[in-house]
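These notes concern the structure reproduced below.
Just so we're on the same page: letters track the sequence lines, and every chain starts at 1.
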Amino acid sequence: GENVEQHPSTLSVQEGDSAVIKCTYSDSASNYFPWYKQELGKRPQLIIDIRSNVGEKKDQRIAVTLNKTAKHFSLHITETQPEDSAVYFCALSMNTGFQKLVFGTGTRLLVSP
Amino acid sequence: DAMVIQNPRYQVTQFGKPVTLSCSQTLNHNVMYWYQQKSSQAPKLLFHYYDKDFNNEADTPDNFQSRRPNTSFCFLDIRSPGLGDAAMYLCATSTSLETQYFGPGTRLLVL
């Protein structure tokens with residue numbers, strides 16, 4: 001089945017710095033790419049998503065870029081804040097009538113004040 | 001205005017004692033999913049319902065079963081919990097083509 005590689009597994013930044021997390025995939029049929037943020041003991045929460053007909057999407061301090069040719073997509077967080085500290089999961093799916101998500105392995109982001 | 005509700009939030013059971021976890025949704029989504037998430041790992045899909053159609057993942061153990069009596073409710077039954085089944089169980093919902101929304105999860109402890 002489809003496999004998603006996510007890097008880095010851990011990322012430590014200073015408050016105000018930018019953070020970038022990258023995921024690569026192999027199946028060119030993948031067409032939906034969400035990113036979830038999961039704080040300790042809480043549910044995964046969708047923070048941004050992108051579809052394969054778009055190369056970039058931005059929502060305030062968060063952006064996602066998609067390179068379909070190279071089969072990778074990245075999450076960019078600017079002006080990081082301590083409350084951005086969490087585990088971030090990339091995911092993807094192919095529309096087959098329902099959203100079967102394949103998750104990356106997660107990135108633990110720590111933002112130090 | 002909770003959209004995906006899971007009860008209980010914490011469940012303690014004994015080794016081998018059947019346990020049922022519940023999920024309800026107010027979104028009227030036609031697809032409901034059950035995931036198992038162990039510490040520091042990504043959620044792992046166990047099965048999903050597309051309307052009333054049940055779809056099991058190939059590697060989901062027979063020990064896990066599910067019921068969906070109506071659009072709003074979905075249950076996860078673990079027939080004989082083992083120590084390895086201790087995890088967070090997440091319910092999620094979506095329409096056919098849109099984003100999945102997760103419930104708060106039920107943390108299961110097996111003694």
Given the rule that I, L, V, M, F, W and Y join up when any side-chain heavy atoms are under 4.5 Å apart, are V4(B) and Y89(B) in one cluster?
no
OH of Y33(B) to NZ of K100(A): how many Å apart, nearest 0.5 Å?
11.0 Å
Can you tell which part of Q38(A) gets under 4.5 Å to a heavy atom of chain B, answering side chain, backbone, both or neither?
side chain
For the candidates T105(A), L46(A), V87(A), which exhibits the highest count of non-hydrogen atom pairs separated by less than 4.5 Å from chain B?
L46(A)
CG of L101(A) to CZ of F102(B), rounded to nearest 0.5 Å, is 6.0 Å
Is the CD atom of E79(A) crowded by more than 12 outside heavy atoms at less than 6.0 Å?
no
What I'd like to find out is whether the side chain of P44(A) reaches to under 4.5 Å of the side chain of L90(B), using heavy atoms alone.
yes
If you count the non-hydrogen atoms of other residues, nucleotides and ligands that lie under 6.0 Å from CG in N70(B), is the total more than 12?
yes
Can you find a heavy atom in the side chain of T99(B) that is under 4.5 Å from one in the side chain of Y32(A)?
yes
State, yes or no, whether a side-chain contact exists between S40(B) and R108(A) at a heavy-atom distance under 4.5 Å.
yes
Pick from G105(B), A92(B), P104(B) with the largest number of heavy-atom pairs that fall under 4.5 Å of chain A:
P104(B)
In short, F89(A) meets A42(B) closest at the heavy-atom pair CE2-CA, 3.4 Å
Counting only heavy atoms from other residues, nucleotides and ligands, does the tally under 6.0 Å from CD of Q60(A) exceed 12?
no
Got more than 12 heavy atoms from elsewhere within 6.0 Å of OH, Y101(B)?
no
Below 4.5 Å from any heavy atom of chain A, which atoms of Q37(B) appear? Answer side chain, backbone, both or neither.
side chain
NZ (K38(B)) with more than 12 external heavy atoms under 6.0 Å
yes
Tell me whether K44(B) at atom NZ has more than 12 heavy atoms from other residues, nucleotides or ligands lying less than 6.0 Å away.
yes
